[in-house]
Each structure stands twice: as structure tokens, then as C-alpha cells.
Amino acid sequence: MGYRILETEDVAGYLRERGHWDLSDAEVREVSDGNMNRVFLASSKDGTRSLAVKQALPWVRVAGPSWPMSPERADAEARAYERVAAVAPDKIPVIHGYDPENYALVMEDMSDLEVLRTVLNEGAPYGPDTSARIGEFVAQLSFTTSDFGLASADRKALIAASVSPELCEITEDVVLSEPYIEHEHNHWHPELDDLAAEFRADARLRTEVADLRHVFMTSAQALLHGDLHTGSVMVGVREGAPVIRVFDPEFSFVGPIGFDLGLYWANTLVSQARAAALGAESDHADQLRLSWEAFEAEFRRLWPTRVDTFFDDAYLDRFLARVWTESIGFAGTEIVRRIIGFAHLTDLTTLPDPVPASRRALLLGRELIVGRAELTSPEDVEALLH
Ligand SMILES: Nc1ncnc2c1ncn2[C@@H]1O[C@H](COP(=O)(O)OP(=O)(O)OP(=O)(O)O)[C@@H](O)[C@H]1O
Ligand SMILES: [Mg+2]
């Protein structure tokens with residue numbers, strides 16, 4: 001501990017002390033709805049100025065002090081934002097300051113925007129831009145923090161600075177092992193008992209997950225967002241133009257690029273499963289392809305700027321093919337863990353009958369994991385959906 005935990009009534013004074021504004025009075029409300037941290041919104045009485053403050057506590061917010069967690073996750077978040085701000089400032093909230101002593105980030109108020117998962121659950125489409133911007137986001141962050149974008153010594157420094165043992169361990173456990181073994185964290189709808197048991201008994205599935213888990217643990221390709229699901233994206237319209245903001249990169253570390261793409265893809269596929277279960281027309285099945293195409297195009301656009309030209313064009317093709325295959329595998333693990341693991345998705349849990357869509361999604365997840373080497377294009381994945 002040893003730092004100042006902000007309560008709603010402290011926030012206006014804190015912003016003044018930190019030099020963010022000179023208002024003596026401001027309206028502050030807490031809007032934390034995640035599991036981990038506190039988020040406050042502060043605005044001037046006349047509504048012309050507003051800021052958001054996100055603070056990491058030394059524990060998991062919803063659990064309290066019984067589940068301690070290092071607040072250094074806020075350092076990881078600030079570091080990721082700093083890297084993205086240099087290459088894709090239009091895709092993240094404006095960061096007004098980071099206070100490492102109090103693990104508090106002061107940023108743009110995005111309360112005029114909405115969380116992507118929320119709007120999708122309400123039946124909205126992704127629209128033409130969202131997934132393309134996400135694909136570009138992953139390309140821009142990953143290229144510029146990879147050995148293609150940074151000199152070798154700078155890369156080693158980034159890897160060292162970005163080590164995040166506690167949060168990586170959460171992913172290694174919750175995403176990349178627990179759903180395939182007996183574990184107290186796991187839960188599922190009783191009508192999925194048979195599939196949950198089948199998955200735990202499936203030796204081939206387990207070996208493939210072990211392979212992906214080891215890639216996650218060892219493949220220091222680039223700085224990741226680390227938790228790139230549809231709840232980490234805000235969308236909306238400002239002055240007539242679409243706006244997208246990727247937020248909450250507290251799980252950021254240097255890892256396999258396919259983990260970011262795969263998480264996003266899993267969430268698009270689950271959103272599609274929801275729309276299909278409701279018999280709704282949707283653009284959700286296109287999103288994997290749209291984000292991959294944008295990722296690949298942006299990565300190839302940046303390729304001529306690489307700092308190490310020993311990496312030749314043929315190697316780029318090989319590298320992208322590997323990223324693709326790993327992304328597909330990670331997408332599978334994210335689908336599975338969101339149905340029979342610890343934390344589930346409202347996309348499915350709020351369906352009138354979540355069972356048929358959950359069963360289909362689980363089988364799709366397994367196929368993505370075990371069949372990833374044979375799935376070589378977005379069309380191959382689309383074929384699995386039908
Ligand atoms: N800059 C902001 N402006 C407006 N609202 C915000 C802002 N940042 C966060 N929020 C709101 O607070 C919620 C939680 O934020 P965030 O996901 O960053 O916190 P978290 O505790 O890390 O969540 P999780 O447990 O999902 O990791 C968001 O879903 C959003 O509703
Ligand atoms: Mg978070």
C-alpha cells in the first residue's frame with residue numbers, strides 16, 4: 001500500500017493538485033463497472049470541461065483486500081498508452097497524465113461514447129470501420145514495438161520494462177489452462193455439463209492449448225494490449241464522424257501478436273453467435289476478415305520502414321502466416337474460457353436460452369484450436385460458421 005486511495009470526494013482536489021485544472025468545485029461520480037479498478041468522471045458545473053481518473057487499487061476492486069493484486073498494472077496501462085500515442089493517437093483516449101506514485105491515470109472523458117459490447121448486445125452492427133480500425137491498431141502497436149520497428153537494444157529494454165508477472169499469470173491460468181482441468185474458478189450452464197467434461201478429457205485439445213499457452217509465455221514478438229475484447233473498445237460519433245477508442249490495456253506486456261487479434265476475433269464470433277441465436281441480421285461474421293485484412297495491410301505498409309532489413313519480404317509472408325495461425329488458436333481459447341471458465345460474456349448469458357448458442361460456440365472454439373493449421377483464410381473460418 002503506502003499510497004493515497006482516492007474516494008469520490010477527493011477527486012476534484014486531486015485534479016487541482018496535479019495541475020489538471022483550477023476548478024474549486026467539480027461534479028464527480030464513480031463509474032467503475034469493471035472488476036479491477038476505480039474510475040471517476042469529473043466535470044465542471046457548466047459542463048464545458050471534464051476528465052476521467054482511473055486508479056488501480058492494491059487489490060481486485062470487486063473482491064476487496066482478500067484478493068490482493070499489485071497496482072503496478074496501472075504502470076503497464078500507462079506504458080501501453082504512451083506507445084500507442086506515438087503511433088495511433090486517434091485510437092486511444094487522450095492521456096493527460098500518469099501519476100505513478102498513486103497509480104492514477106487522468107484521461108479524456110469518453111462518457112459520450114459507448115462500450116462496443118453494449119451496443120452490439122443491443123443489436124447494433126459493427127459498422128464499416130470498427131474492425132478495420134482495430135486491425136490497424138494491432139498492426140501499428142505491434143509493428144512499432146517489434147524487432148521490425150525498434151532497434152535490438154531498445155527492444156530488450158522494452159521487454160524488460162514490460163514484464164508483468166501477475167497479470168500474465170492470470171491469463172495463463174484463466175484463459176490458457178483452467179477451463180481444460182477441474183478448477184474451482186470454472187462454472188457453466190448445467191446443460192453444458194457434457195461438453196465441459198468432454199473438453200477436460202480431450203487429450204489432443206489439451207496438448208494444443210498447452211502449445212498456445214507456451215507461445216503466450218515465450219513469444220516476445222511485440223507490445224500487446226493484452227485484453228482486447230469488445231468491452232475494451234468504445235465507439236460513437238463526434239461531429240458527424242465515427243470515433244473509436246481502445247482502452248484498458250492494463251494486461252499489456254511483450255507477447256505474441258496473435259493474442260490481441262485472437263481475443264478480438266473470439267469476441268466477434270461470440271457476438272455473431274448471439275445474433276444468430278436471436279435470428280437477427282448482422283454484420284458480425286465479417287469482422288474477423290475485416291480486422292485481419294486491415295491488420296495485414298497496415299503491417300505490410302509499415303514493412304519498408306523496418307529497422308533490420310535482414311528480415312526480407314519472404315520472411316514477412318512467413319511471419320504473417322504464423323501470426324494468423326496463432327490468432328486463430330488464441331481465438332478458440334478465448335471462446336472456450338468465456339463459456340466454461342471463470343468469466344463469461346453477456347453476449348451469451350443474456351440470451352433467453354443461452355444453451356444452443358453456447359454449444360455451437362464451444363464446438364467452434366475447439367475447432368479453431370485443434371484445426372488452426374488447416375484454417376488458412378478468413379473464408380475457412382466463415383465456412384465453419386455455416
Ligand atoms: N475515460 C473514460 N471515460 C468514461 N468512462 C470510462 C473511462 N474509462 C473507463 N470508463 C468506464 O469505466 C468502465 C471500467 O473501465 P476499465 O475497463 O478501464 O476498468 P477496469 O477496472 O480495468 O475493468 P475490467 O475489470 O473490465 O478490467 C468502462 O467500462 C467505462 O464504462
Ligand atoms: Mg481492466
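For ligands, and for the atoms within them, numbers begin at 1 and follow the listed sequence.
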(message) Under 4.0 Å, heavy-atom basis, I'd like to know which part of Asn37 is in contact with ligand 1: side chain, backbone, both or neither.
(response) both
(request) Considering only NZ, NE, NH1 and NH2 on the basic side and carboxylate oxygens on the acidic side, decide whether Arg318 and Asp312 come within less than 4.0 Å. (result) no
(message) Suppose we measure from atom 3 (N) of ligand 1 to each protein heavy atom; which comes out shortest, and what is that distance?
(response) Met110 N, 2.8 Å
(request) Just need the protein heavy atom nearest to atom 31 (O) of ligand 1, so name the residue and atom and give the distance. (result) Asp33 OD2, 3.7 Å
(message) Within ligand 1, which atoms have a heavy atom of Asp248 less than 4.0 Å away?
(response) 16 (P), 17 (O), 18 (O), 20 (P), 22 (O), 23 (O), 24 (P), 26 (O), 27 (O)
(message) Between Arg337 and Glu178, does any side-chain N to carboxylate O distance fall below 4.0 Å?
(response) no
(message) Under 4.0 Å from a heavy atom of Ala52: which atoms of ligand 1 are those, numbered in the order shown and with their elements?
(response) 1 (N), 2 (C), 3 (N)
(request) Could you list which atoms of ligand 1 come closer than 4.0 Å to a heavy atom of Glu250? (result) 22 (O), 27 (O)
(message) Using a 4.0 Å cutoff against the non-hydrogen atoms of Met107, which atoms of ligand 1 qualify?
(response) 1 (N), 8 (N)
(message) Taking 2.8 Å as the cut-off, does Asp227 contribute an N, O or S atom near the Mg ion (ligand 2), distance below it?
(response) no
(request) Looking only at protein heavy atoms, identify the closest one to atom 1 (N) of ligand 1 and say how far it is in Å. (result) Glu108 O, 2.8 Å
(message) Can you confirm whether or not the ring centre of Phe143 sits under 6.0 Å from the ring centre of Phe295?
(response) no
(request) Kindly confirm whether the Mg ion (ligand 2) is within less than 2.8 Å of some N/O/S atom in Asp248? (result) yes
(message) With a 4.0 Å cut-off on N to O distance, would you call Glu293 and Arg289 a salt bridge?
(response) yes
(message) For atom 15 (O) of ligand 1, what's the nearest protein heavy-atom neighbour? Residue, atom name and distance, please.
(response) Val39 CG2, 3.7 Å
(message) Check contact between Ser111 and ligand 1, using heavy atoms of the residue and a distance below 4.0 angstrom.
(response) yes
(message) Closer than 4.0 angstrom, basic N to acidic O: yes or no for Glu208 and Arg204?
(response) no
(request) May I ask you to decide whether Arg366 forms a salt bridge with Asp202, counting only side-chain N to carboxylate O separations under 4.0 Å? (result) yes
(request) Give the intermediate values and the outcome of salt bridge (Lys or Arg N to Asp or Glu O under 4.0 Å) for residues Arg133 and Glu136. (result) CA-CA 5 Å; Arg133 294 293 93 77; Glu136 284 169 16; 3.0 Å; yes
(request) Report the name of the N/O/S atom of Glu250 located nearest to the Mg ion (ligand 2). (result) OE2
(message) Which of the numbered atoms in ligand 1 are under 4.0 angstrom from any heavy atom belonging to Leu41?
(response) 3 (N), 4 (C)
(message) Quick test: of every protein heavy atom, which one is nearest to atom 11 (C) of ligand 1, and how far off is it to 0.1 Å?
(response) Val31 CG2, 4.1 Å
(request) Could you tell me if the ring centre of Phe148 sits under 6.0 Å from that of Phe319? (result) yes
(message) Does this structure show an ion pair linking Asp317 with Arg300, if we count only N-O contacts that are shorter than 4.0 Å?
(response) yes
(message) Do the side chains of Glu82 and Arg79 get close enough for a salt bridge, i.e. N-O under 4.0 angstrom?
(response) no
(request) Measure the distance from atom 25 (O) of ligand 1 to every protein heavy atom, then report the residue, atom name and distance (to 0.1 Å) of the closest one. (result) Asn35 N, 2.4 Å
(request) Provide the number and element of each atom of ligand 1 under 4.0 Å from a heavy atom of Lys54. (result) 16 (P), 18 (O), 19 (O), 20 (P), 22 (O)
(request) Considering heavy atoms of the protein only, find what lies nearest to atom 30 (C) of ligand 1 and give residue, atom and distance to 0.1 Å. (result) Met234 CE, 3.6 Å
(message) I need the contact type for Arg38 against ligand 1. Using non-hydrogen atoms and a strict under-4.0 Å cut-off, is it side chain, backbone, both or neither?
(response) neither
(request) Assess the pair Tyr180 and Phe199: is the distance between their ring centroids shorter than 6.0 Å? (result) no
(request) Specify side chain, backbone, both or neither for Met36, according to which of its non-hydrogen atoms lie closer than 4.0 Å to ligand 1. (result) both
(request) Could you check His229, Lys54, His225 and say which one makes a side chain to side chain donor-acceptor pair (under 3.5 Å) with Asp248? (result) Lys54
(message) Could you identify the single nearest non-hydrogen protein atom to atom 23 (O) of ligand 1 and state the distance to 0.1 Å?
(response) Gly34 CA, 3.3 Å
(message) Could you check whether Asp22 pairs with Arg49 (Lys NZ or Arg NE/NH1/NH2 to Asp/Glu carboxylate O, under 4.0 Å)?
(response) yes
